[in-house]
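When reading the values below, keep in mind they use all heavy atoms of this one structure, side chains included, and skip hydrogens, waters and symmetry mates. Residue numbers begin at 1 in each chain, while the letters A, B, ... track the order of the sequences.
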Amino acid sequence: MAAKRRFQTIKGMHDLVDKAPAFAFVEEKAREVFSLFGYREVRTPVVEETELFVRGVGEGSEVVGKQMYSFDDKKGRSLTLRPEGTAPIARAYLQNNWASGPQPVKVFYMGPYFRYERPQEGRYRQFHQIGAELIGDPGPYSDVELLVMLLRFLEELGFEDLEVGLNSVGDVDCRERYSERLREFLEPYRDELGADSRRRLETNPLRILDTKTPRERELLEGAPRLRDVLGGPARDHFQVVRDELEQFGVDFEIDDRLVRGLDYYTRTVFEITSADLGAQNAILGGGRYDGLIAELGGPSVPGIGFAIGQDRLVDLVLKIPGASARLNAEAHRRQPVCVVPIGSSYRGHGMVLAQELRAAGVPAICEFDSLRPLKARLKQAARHRCRWIVLFGEDELVAGTVVLRDFTNSTQETISRDGFAATVKARISA
RNA sequence: GUGGAUGUAGCUCAACCGGUAGAGCGCUUGAUUGUGGUUCAAGUGGUUGGGGGUUCAAGUCCCCUCAUCCACCCCA
């Protein structure tokens with residue numbers, strides 16, 4: 001039983017290695033763009049009380065029903081690895097009394113989320129989201145501004161021609177009214193519905209709208225439409241959103257079947273999908289949640305937000321022509337200079353040279369292992385993708401010089417040991 | 001939770017009807033005792049995911065199990 005076991009990541013969770021620079025890239029862009037709109041970055045814990053999601057996201061939702069990573073702590077309290085980001089932000093709003101700060105509250109966040117599902121392309125048990133929330137303003141201009149910000153972010157990443165799917169699921173009373181109508185309409189066809197939809201007929205008829213089975217789609221052709229059932233305030237709100245989005249040149253398409261999977265959404269909902277992603281094609285989704293904070297025991301405060309699937313977004317970024325070349329060039333620009341001391345007694349000198357380079361703001365590493373042949377150590381420098389090599393040994397010590405070699409052009413020059421860091425800095429930035 | 005595909009060297013993959021495991025790349029060293037990439041030479045590479053079964057003989061056939069991927073479902 002003492003067999004050597006090879007440890008590996010938990011199913012559906014991955015080491016981010018090759019994609020790490022692209023992850024960092026989109027994170028930097030998010031900080032840059034969201035800050036331009038006055039959003040502040042916050043970080044909330046990865047673990048919350050299970051009850052937060054049950055109440056906030058909704059017991060009927062798939063996410064809460066069967067996808068949560070829940071466990072009991074040592075005192076028997078049920079905790080959950082967060083499956084989404086909005087409920088924790090709503091909790092933070094209440095706990096930290098953001099209501100007493102400047103309004104509306106604008107925050108963004110990024111980090112890992114967890115859902116217990118069967119992994120496949122674009123769907124992981126640990127995945128990453130970048131999200132933003134605007135809490136405290138009920139008006140349609142907040143919806144518009146949030147979407148404008150979102151699209152600005154995507155443009156900055158290099159995306160063009162992304163189309164936003166848009167819909168309004170109305171206020172709670174509109175939804176109930178509509179659910180009732182839809183239920184009445186579908187009841188006669190009950191036997192033609194799949195098991196899932198039949199169950200939803202009881203629990204959440206709205207979700208039947210985004211079915212993919214052809215027969216159900218056909219049935220729904222003649223169904224009452226959500227937009228015809230919207231109450232006056234919700235309808236007016238949606239109309240302003242649409243008009244203003246057009247004013248700002250936002251490309252969107254009204255999608256009557258767009259209803260989101262999380263129970264807290266009200267009025268405006270939206271998502272962006274991509275044909276370049278495989279079966280899991282949603283890049284981001286979001287919407288208004290005017291009842292969420294009250295549902296969590298707070299005052300009646302409206303909010304709106306979105307969550308971007310960072311893993312999927314990164315996959316798409318890497319597919320943009322030239323994007324990975326740009327990322328590589330950027331990485332290459334930051335490659336360190338490699339100091340190679342020649343001869344075992346020069347290792348200390350190598351350390352000093354590297355430190356002088358770093359002090360001058362030049363990234364530097366040192367190939368210390370002087371017992372190996374010089375050629376092997378230069379090979380290591382090449383494998384580190386270093387372009388510039390600083391060589392230093394007995395000859396240089398005597399002459400008061402160092403040798404600076406350029407791997408790209410296979411040239412080298414001898415420069416003065418005094419102030420060599422400044423010379424190197426000038427050469428590599430030329 | 002359901003279905004399908006795939007697991008052989010660090011990586012990408014071969015191995016006929018069951019016959020004793022191979023290539024390319026990589027890595028190490030040398031040709032060049034102080035100069036990487038190209039070239040040449042030598043070397044390093046494996047409990048064929050794991051367990052059991054059938055057989056004289058299993059990478060190959062059968063069963064179980066684990067893992068990965070893709071799809072359903074769900075969503076980011």
Practice task
May I ask which nucleotide in the shown strands pairs with B:U32, Watson-Crick or G-U wobble, both distances under 3.5 Å?
Solution key: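 Matched B:U32 with nothing under the 3.5 Å cut-off.
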Verify the contact: side-chain N or O of [X] to OP1 or OP2 of [N], cut-off strictly under 4.0 Å; return yes or no.
X: A:His14; N: B:A67; result: no
X: A:Gln67; N: B:C74; result: no
X: A:Gln380; N: B:C27; result: no
X: A:Arg387; N: B:G36; result: no

Exercise for the section: Using the P atoms only, state how far B:C27 lies from B:U68, rounded to an integer number of Å. Expected result: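 Nearest-Å result for B:U68 against B:C27 at atom P: 29 Å.
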Using a heavy-atom cut-off of under 4.0 Å over every strand shown, decide if [X] touches base, sugar-phosphate, or nothing.
X: A:Arg200; answer: sugar-phosphate
X: A:Lys11; answer: sugar-phosphate
X: A:Tyr124; answer: base
X: A:Gln126; answer: nothing
X: A:Arg372; answer: sugar-phosphate

Exercise for the section: Check whether NZ of the Lys or CZ of the Arg A:Arg405 lies under 6.0 Å from the centre of the six-membered ring of A:Phe407 and within 45 degrees of that ring's axis. Expected result: no
Handout entry: Base B:U35 to side chain A:Arg377, donor-acceptor N/O within 3.5 Å cut-off
Key = no
Problem - Whole angstrom value for the distance that separates C1' of B:G34 from CD of A:Gln412 - result: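 Value for this atom pair: 10 Å.
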Practice task
Would you tell me whether A:Glu133 and A:Tyr109 have side-chain atoms, one donor and one acceptor, within less than 3.5 Å of each other?
Solution key: yes
